[in-house]
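What follows is one structure encoded as structure tokens, with my remarks underneath.
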Amino acid sequence: MTVTTDLVATWRSPRAAVRRHLARGVSEPFAFSLLLVFLILAFIGQWPVAAREAFLAGEPSAAPRILARAFAVLATIPLWYGLAALSRLVSGALGGRGTWYGARIALFWALATVGPLMLLQGMVGGMIGPGPGLYAVTTAVGLAFLWLWFTMLHEVERG
């Protein structure tokens, strides 16, 4: 299944999607590639916001702001791995029978699935700016991520 087809299918059935990914076997490069999909989409989603900020500040180019966002996105990689490990520890304490790899797949695939929504969030932030519209989109993205992540993590922890 292509990534785009898999993303759409995940919205219909996140449990089946995470089971398909786990059926591939353990592959750290695959897990990292899912995280990279999210990081790339989140980074691209920040371009309109950086361009807006540069324009409003009267700067001739948004490139320095975009570069700063690139470094910020890269700096989050250890945080995502830490969050996956923390979710596994909490799940294990609550009786979960999953694996560390499964916890990473659940988190990273949930992030990759909301990646396209991060593009929408960036468009709203760049074109409309701060306000109720951006707040609504940000809230929707956050809730969608939490729903996907908890649903997939629950499936992974069932063992």
Side-chain angles (χ1 to χ4, degrees), residues 1-50 66-128 133-159:
M1 199 179 278
T2 63
V3 173
T4 53
T5 306
D6 205 12
L7 285 172
V8 173
T10 299
W11 287 104
R12 284 191 296 259
S13 180
R15 292 177 189 275
V18 77
R19 280 194 305 267
R20 274 193 310 274
H21 288 309
L22 291 175
R24 295 168 166 258
V26 176
S27 171
E28 283 303 324
F30 174 72
F32 188 67
S33 71
L34 295 178
L35 180 60
L36 283 180
V37 166
F38 165 72
L39 294 175
I40 290 167
L41 291 174
F43 170 61
I44 293 170
Q46 289 297 307
W47 291 0
V49 177
I66 291 173
L67 182 62
R69 282 172 167 76
F71 287 129
V73 165
L74 288 175
T76 66
I77 292 173
L79 299 175
W80 296 120
Y81 274 91
L83 183 59
L86 181 62
S87 72
R88 175 63 201 113
L89 288 172
V90 170
S91 297
L94 296 174
R97 298 176 307 204
T99 64
W100 296 96
Y101 178 75
R104 284 192 299 279
I105 290 294
L107 175 62
F108 296 170
W109 185 242
L111 287 168
T113 303
V114 298
L117 295 179
M118 299 290 291
L119 297 175
L120 172 65
Q121 183 180 7
M123 292 290 286
V124 171
M127 295 187 170
I128 298 173
L134 181 58
Y135 178 77
V137 171
T138 301
T139 302
V141 171
L143 291 174
F145 162 70
L146 289 175
W147 171 71
L148 286 167
W149 181 35
F150 290 151
T151 301
M152 288 191 250
L153 187 60
H154 183 262
E155 183 66 24
V156 165
E157 291 298 328
R158 288 177 34 182

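The first residue of the sequence shown is numbered 1, and numbering continues consecutively from there.
Taken from CE in M123 to CH2 in W47, the straight-line distance is 12.5 Å, to the nearest 0.5 Å. Rounded to the nearest 0.5 Å, atoms OG1 (T113) and CE (M152) are 4.5 Å apart. To the nearest 0.5 Å, atoms OG (S27) and CD1 (I105) are separated by 8.0 Å. With values rounded to the nearest 0.5 angstrom, L39 atom CG is found 8.0 Å from L111 atom CG. From L36, atom CG reaches atom CG of L74 across 9.0 Å, with rounding to the nearest 0.5 Å. Between W11 atom CH2 and L7 atom CG the span is 9.5 Å, to the nearest 0.5 Å.
In terms of modelled atom types and a separation under 3.5 Å, the side chain of R97 and the main chain of R158 share a donor-acceptor contact. T99 places a side-chain N or O within 3.5 Å of a backbone atom of G102 that can act as its donor or acceptor partner.
Atom OH of Y135 has 12 or fewer heavy atoms from other residues, nucleotides or ligands within 6.0 Å.
Of all non-hydrogen atoms in I44 and P48, the two that sit nearest each other are O-CD, 3.7 Å. When all heavy atoms of L153 and S91 are compared, the pair lying nearest together is CD2-OG, 3.7 Å. Scanning all heavy atoms of the two residues, the minimum distance from V18 to A106 falls at CG2-CA, 4.3 Å. Of all heavy-atom pairs between L119 and G45, the closest is CD2-N, 3.7 Å. Annotation for L134 and Q121: closest pair CD1-O, 3.7 Å, computed over non-hydrogen atoms. In this structure, V37 and A112 approach most closely via the heavy-atom pair CG1-CB, 4.1 Å.
At a threshold of 4.5 Å between non-hydrogen side-chain atoms, the residues Y101 and E28 count as touching. Between Y81 and W100, the closest side-chain pair of non-hydrogen atoms is not below 4.5 Å. Looking only at side-chain heavy atoms (C-beta outward), L67 and F71 come within less than 4.5 Å of each other. Between R88 and R104, the closest side-chain pair of non-hydrogen atoms is not below 4.5 Å. Annotation: side chain of V114 is in contact with side chain of L148 (closest heavy-atom distance under 4.5 Å). When side chains are defined from C-beta on, R69 counts as touching V49, because their heavy atoms get closer than 4.5 Å. Looking at heavy atoms from C-beta onward, P14 lies out of side-chain contact with W149 at the 4.5 angstrom threshold. Proximity of V8 to T5: side-chain heavy atoms (C-beta onward) are nowhere separated by under 4.5 Å.
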Step by step, work out the side chain to side chain contact (heavy atoms under 4.5 Å, CB included) result for S87 and L107.
CA-CA 9 Å; S87 72; L107 175 62; 5.7 Å; no

If you apply the rule side chain to side chain contact (heavy atoms under 4.5 Å, CB included), what do you find for R20 with D6, and how did you get there?
CA-CA 10 Å; R20 274 193 310 274; D6 205 12; 2.7 Å; yes

Where do L34 and F30 land on the side chain to side chain contact (heavy atoms under 4.5 Å, CB included) test, with the steps shown first?
CA-CA 6 Å; L34 295 178; F30 174 72; 3.8 Å; yes

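Paired with W80 under the rule ring pair (Phe, Tyr, Trp, His ring centres under 6.0 Å), one option of F38, F108, W109 passes, and it is F38.
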